[in-house]
Amino acid sequence: MSRRQVLAGAGGTPEQIHLTWGESPTTGVVVSWASPGPAVRPRVRIGQRVIAAKPRPYTDGINGETVWTYHARVGGLRPGATYAYLVTADNDSNAADPFSAIFRTAPHGRAPFRFTSFGDLATPNADWVLSYGQSAYAVEAVESFQPLFHLLNGDLCYANLNPAVQPEVWRDFGRNNQASAANRPWMPCPGNHEVEFYNGPQGFTSYLTRYTLPENRVPGFGGRWYSFRVGSVLFVSLDADDVVYQDAGAFVAGPAALTPAASTGHPPIEPGTSLYLRGYSGGAQTAWLERTLAAGRGDRSVDWIIIQMHHCAASSSATGNGSDLGIREQWLPLFDRYQVDLVLTGHDHDYERSFPVRGADADAGHEVATGAVVNTLRPHPVTTTDSGVFDTSQGTVHLILGCGGTDGNLDDYGTDAAGGSPFPGGSPPRTPPRKAKVFTRTDRPARAATPDVYGRAAADAVEDAIWSARRDTSTGYGVAVFDVNPGTEAGGRTSITVTQYHAVGADPVNPATGDKGAPTPDYTEFETFTVTRPRSDGGP
Ligand SMILES: [Fe+2]
């Protein structure tokens with residue numbers, strides 16, 4: 001053992017190993033990990049190549065702990081190929097037999113592939129607020145479907161609800177999802193619970209330090225939003241914290257202040273303080289989105305455009321957050337103009353699917369407090385027949401997949417509790433109608449009845465959720481599996497089959513039945529539907 005190894009101890013042992021796509025999913029990945037202390041010569045080996053990892057440490061702004069993360073960009077690979085890699089360092093306690101795993105690169109051109117998605121994962125360590133054992137089974141479920149990659153649509157681990165121990169919560173998250181994320185890229189987007197006090201201008205330092213994500217080339221906003229291509233699909237990952245009205249990020253409710261460790265030098269955060277991000281990019285994200293969508297729809301090798309973001313434009317959750325007018329105002333018109341096919345979100349801890357929507361119904365909402373008419377820009381369904389096959393060139397289908405592993409299951413919906421069972425007989429009658437809550441203005445912290453305690457109000461408006469097609473009332477846990485069929489001829493049809501698998505019985509308490517449940521590894525099919533559209537390579 002060298003003198004350097006002795007000095008550094010075994011603090012460089014890799015853990016929390018995970019992959020993301022590099023700049024080109026057909027030719028590379030990024031391998032990222034953390035170690036308990038600083039690593040000496042952290043590196044990835046793939047075949048005979050040794051790739052040095054770049055260190056990216058940070059110090060948590062509340063408890064003052066330093067976190068050591070490493071990122072190795074692996075390029076020059078062949079499309080659609082399988083590679084083995086290992087991760088090590090000179091001061092890796094497993095140096096004799098380092099961590100190793102296998103991954104696949106994306107196929108070239110119009111090729112079939114599978115991806116999966118959910119959000120709101122948390123960790124299996126129930127000591128942490130909103131964590132729950134289902135989180136481990138959720139990772140196993142992803143792995144069981146062997147997708148090419150997974151979209152993790154925000155609220156990764158709720159570290160900001162455990163402010164004194166944020167690095168420990170992130171560590172449990174990373175150690176849990178390594179069981180899949182070391183074998184295939186997990187591509188995240190930020191949610192409201194990635195927003196942390198004293199961790200960077202938007203509170204994303206913990207998130208951004210752990211992930212290396214594709215470049216968006218917008219100075220100052222790297223990692224917050226990005227896009228990548230796999231096959232004929234353009235994936236666009238957004239940060240809806242930038243546009244939503246609701247104030248859902250880091251918050252000190254009181255009565256006590258949140259006092260950072262003395263080593264941070266940061267003053268206490270007083271009750272009633274929240275980190276509210278609406279408008280933080282000054283329009284830069286929306287301008288980037290428009291450029292990205294326009295380029296995608298102008299590209300004859302792109303058939304599909306799929307968005308992932310965390311907050312919902314169309315959710316009829318009763319006990320969760322509901323819908324947000326900010327997304328409807330700023331982004332739904334762009335989704336319409338550029339024929340976005342699918343929007344995958346989390347935030348409400350359930351499963352809900354919309355009919356294809358295009359355009360908006362004016363003045364369809366009512367203020368909760370007064371009953372006055374409010375223009376919620378209600379998404380307009382282009383059909384309300386639940387046929388099981390939807391042409392998304394005619395309208396965008398929104399999916400809420402906040403069904404990862406958190407203990408805060410919210411499978412409780414506005415009015416009409418029936419989940420409906422539409423295929424093939426069409427839609428069930430809607431009596432009484434489904435209702436959705438909608439944030440149409442900010443809900444900044446307000447003084448509660450108790451001295452020095454603050455709260456944030458629920459959504460201020462409500463509408464008939466005529467866009468809501470299907471809701472899972474049996475459980476708040478599941479994973480969505482997407483199989484892309486690129487079609488066989490230029491100008492023909494292409495389709496994506498979507499299957500939602502759910503973990504019945506996993507709810508700590510089922511809101512519909514009151515039944516107590518427990519984490520379960522059993523994921524069974526809830527529903528399958530197909531989206532279809534014309535390929536963009538027809539005509540001259
Ligand atoms: Fe959320």
Side-chain angles (χ1 to χ4, degrees), residues 117-123 128-132 134-135 138 151-163 166 169-170 173 177 187-197 199 202-204 206-207 224-225 237-251 253 274-278 280 307-328 331 343-352 398-413 436-439 442-445 455-459 476-478 480:
S117 185
F118 55 56
D120 306 82
L121 179 58
T123 88
W128 311 137
V129 172
L130 281 189
S131 273
Y132 185 50
Q134 192 63 28
S135 181
L151 296 175
L152 181 55
N153 59 55
D155 283 4
L156 279 53
C157 64
Y158 306 90
N160 78 353
L161 294 179
N162 303 271
Q166 289 173 156
V169 180
W170 278 103
F173 162 79
N177 71 326
M187 300 300 285
C189 72
N192 50 308
H193 290 294
E194 279 62 69
V195 179
E196 300 170 351
F197 287 119
N199 276 332
Q202 295 92 33
F204 290 142
S206 297
Y207 172 79
R224 288 136 180 100
W225 59 85
S237 183
L238 299 174
D239 179 17
D241 291 295
D242 189 20
V243 300
V244 291
Y245 281 103
Q246 62 198 276
D247 180 354
F251 171 48
S274 67
L275 188 44
Y276 185 58
L277 295 184
R278 180 173 153 83
Y280 79 78
I307 303 273
Q308 84 159 341
M309 60 183 177
H310 180 63
H311 307 67
C312 312
S315 166
S316 67
S317 170
T319 44
N321 303 280
S323 310
D324 198 294
L325 180 62
I327 303 169
R328 296 178 176 186
W331 290 349
V343 176
L344 315 182
T345 70
H347 200 38
D348 284 338
H349 302 165
D350 54 27
Y351 172 81
E352 183 164 14
H398 291 248
L399 290 178
I400 295 162
L401 306 170
C403 45
T406 171
D407 75 350
N409 61 297
L410 297 170
D411 37 321
D412 189 15
Y413 305 85
K437 302 185 294 184
V438 188
F439 283 96
T442 66
D443 59 328
R444 302 306 306 277
R456 294 182 290 196
Y477 299 94

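Counting starts at 1 for both ligands and their atoms, in listed order.
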- Provide the atom name of the closest N, O or S atom of Asp155 relative to the Fe ion (ligand 1). OD2
- In this structure, which one of Asn153, Thr345, Asp155 forms a side chain to side chain donor-acceptor pair (under 3.5 Å) with His310? Asp155
- Item | Within 45° cone and under 6.0 Å: Arg456 NZ/CZ vs Phe251 ring | yes
- Task: With the Fe ion (ligand 1) at the centre, find the angle made by NE2 from His310 and ND1 from His347, to 10°.
- Result: 90°
- Task: Answer yes or no as to whether an N/O/S atom of Asn192 is found below 2.8 Å from the Fe ion (ligand 1).
- Result: yes
- Task: Apply side-chain hydrogen bond (donor to acceptor under 3.5 Å, both in side chains) to Asp348 and list each qualifying residue two or more places apart in sequence or on a separate chain.
- Result: Ser315, Asn321
- Are Asp120 and Thr406 close enough that a side-chain donor and a side-chain acceptor fall under 3.5 Å? no
